[in-house]
Amino acid sequence: MGSSVSPVAVPAVAFAGVVKRFGAFTALDGVDLEIAQGEFFGLLGPNGAGKTTLISCLAGLARPSAGSIRVLGHEVQGDYREARRRLGVVPQELVFDPFFTVRETLRIQSGYFGIRRNDDWIDEILANLDLADKADTNMRRLSGGMKRRVLVAQALVHRPPVIVLDEPTAGVDVELRQGLWRFIRRLNEAGHTIVLTTHYLEEAEALCQRIALLKRGRILALDSTANLLARFSGHSLTLKLSGEQELPASLEPLVQRRNGREVVLQLSRLELVETVLASLRQAGLGLEDLRLNAPDLEDAFMALVGAEASHA
Amino acid sequence: MLDLGGGFGALLRKELLRFWRVAFQTVAAPVLTALLYLLIFSHVLGEERLVHGLAYTAFLVPGLVMMSVLQNAFANSSSSLIQSKVTGSLVFVLLPPISYGAFYGAFVLAAALRGLVVGLGVWLVTLPFAPLWPAQPLWALAFALLGGAILGTLGVIAGIWADKFDQLAAFQNFLVLPLTMLSGVFYSIHSLPAFWQAVSHYNPVFYMIDGFRYGFFGVSDVGPEVSLAVVLLCFAGLALLTLMLLKRGWKLRY
Ligand SMILES: Nc1ncnc2c1ncn2[C@@H]1O[C@H](COP(=O)(O)OP(=O)(O)OP(=O)(O)O)[C@@H](O)[C@H]1O
Ligand SMILES: [Mg+2]
């Protein structure tokens, strides 16, 4: 899967001071972000955070009000043809051209990139996305999940070194989601840079090496997935006390949230489990249930997004 | 000059396929409409009437052919653009490294070719009623191509400008239709009062149809060189305007 060679030092994608305004509304408020070649990068954030707007600016569909964006060193406005040749984008909206079959769609898309005979690669993409038997079906006759996979295929026809997927798994069933990720992972291992937005946090956690958390057009956090988990999530302990007993006052500061009779305690270090259990024993409290939860991205996400919200 | 680049051929092919797939609506229907015009007008206005010393039916044919060329060229680029804008599939053309010159060239050439195909169809079906061969085929072809390109360009502008189908319909009903109908398709402008003759000379479509008619009969209201100059100038102006709009990404890239 020959991606065109660029010096490794050149970032795959570089955003510098990117601002995008819609009238008085600021959708992107000064985004600085560099994604290295070969990274599997996650762009997360709540609805309306500005993820799609950032991708649109990267793809040249939208023009930033200020700042600049480079794809492998090529400015997306000034040097747009070189930049776009290196970029494959899966749009968030489920769009298709109803006049054509799947294969025609992919051939036409290849042609837009100046590629004439591309059937070998097209067949490989179709096989990997489990669409081979739909190659000659009209786009109108595909299910939603199949149309979404054709969108992914369209973004790959020119073997772009940088692949951007804006919620590629929305509406795709579990089995095919696994298949899609296997394929994208393989592309990543072959050297393609992957930029992914998703609302399935487990997916981001499992796939992405580094994550940026975007909210209201600003980057709230940017770190490796492991660091984010360590910093913002840590382990937590879910307790269910027997009867109507109350938690000892000494443990109150650890409470993260309550779920009916269940209490979730945040543990900054794993060894705190012993302290908690000791306090319970001292207070003579009985337990109905106890669960230790590994760190997960959802907690990190909630911690960050929630913290921002309480400042506002 | 325009840098067409790799995407031009693919975009042109896609635009041609798009109308050819539904040729029943995009070719057969307008041919039938033109034939009905011919039958009704020539019947109502009488076969014996002479215009420029020609039977009215014969006089009418080139005007109808050209009107079909123009209207279908406009319809092709404008409806393709608005459809892909409304469905969102225009993104497939906006993401690749297609230059704005290639974008323009492909849409306009496809529009002009659809116009020519429909025009050819109209001419063929009118042959049994008014057997007519162009006296100056090159003049006829030049005006048909240029006229198609001009209306194709207007279609590009209208298709990009309109956000909804009814805005496009307004453009068509209040600009394209009056310009083509009031251009001497159904009459020679010499039969008009002096005032309306003068007004007609400000309608570029008049020169397209007059020049095209010259290609068939070797006679026309205005000299063909004058018409060609007007039409070329008109095309150059509109093409430049459209290229500028596309370069800026007007209404396409936000
Ligand atoms: N064309 C536009 N005109 C005006 N406002 C816009 C436009 N596009 C996006 N916005 C606004 O910019 C903000 C960011 O939108 P964006 O689509 O980038 O969010 P997102 O992070 O992709 O959200 P989601 O997770 O829902 O896809 C939103 O408040 C949205 O309403
Ligand atoms: Mg989005």
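Convention: sequence-line order gives letters A, B, ...; per-chain numbering from 1.
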| Ring-face cation contact, A:Phe99 with B:Arg18, 6.0 Å cut, 45° max |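 Yes, a cation-pi geometry.
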Side-chain donor/acceptor pairs under 3.5 Å, residues 232-243 of chain B, sequence neighbours excluded:
unit_1   : atom_1 : unit_2   : atom_2 : d
B:Thr242 : OG1    : B:Leu238 : O      : 2.7

- Are A:Tyr80 and B:Ser99 linked by a side-chain donor-acceptor pair shorter than 3.5 Å?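 No, no side-chain donor-acceptor pair sits under 3.5 Å.
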Can you tell whether the side chains of B:Arg21 and A:Glu104 come within less than 4.0 Å, N to carboxylate O? yes
- Message: Quick check against the 3.5 Å criterion: does A:Arg81 have a side-chain atom that pairs as donor or acceptor with the backbone of B:Ile98?
- Response: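 Flag not set: sc A:Arg81 to bb B:Ile98 has no pair under 3.5 Å.
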Quiz prompt | Donor-acceptor contact present, side-chain B:Arg253 to main-chain A:Gly60, <3.5 Å | solution =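 Judged by distance alone, yes, a pair lies under 3.5 Å.
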Scanning both residues in full, the closest heavy-atom pair of A:Tyr112 with B:Ala10 reads N-CB, 3.7 Å
Pick from A:Gln109, A:Arg85, A:Glu93: which one has the most heavy-atom pairs with chain B under 4.5 Å?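 Going by pairs under 4.5 Å, I would pick A:Gln109.
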* Asked: Rounded to the nearest 0.5 Å, what separation is found between the CG atom of A:Leu61 and the CG atom of B:Leu252?
  ->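 Between atom CG of A:Leu61 and atom CG of B:Leu252 there are 10.5 Å.
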If one checks every heavy atom of A:Leu87 against chain B at 4.5 Å, the contacting part turns out to be neither
Under 4.5 Å to a heavy atom of chain B? For A:Gln154 that would be side chain
Just wondering, more than 12 heavy atoms not from A:Arg21 lying within 6.0 Å of its CZ?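 Atom CZ in A:Arg21 is not packed in, count stays at 12 or less.
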- Hey, is CH2 on B:Trp161 packed in by over 12 heavy atoms from elsewhere, all under 6.0 Å?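 Yes, because the 6.0 Å sphere around CH2 of B:Trp161 holds more than 12 heavy atoms from other groups.
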- Query: Heavy atoms under 4.5 Å from chain A: which residues of residues 81-96 of chain B carry them?
  - Reply: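 Residues B:Gln83, B:Thr87, B:Gly88, B:Ser89, B:Val91, B:Phe92, B:Val93, B:Leu94, B:Leu95, B:Pro96 are the ones that qualify, each having a heavy atom under 4.5 Å from chain A.
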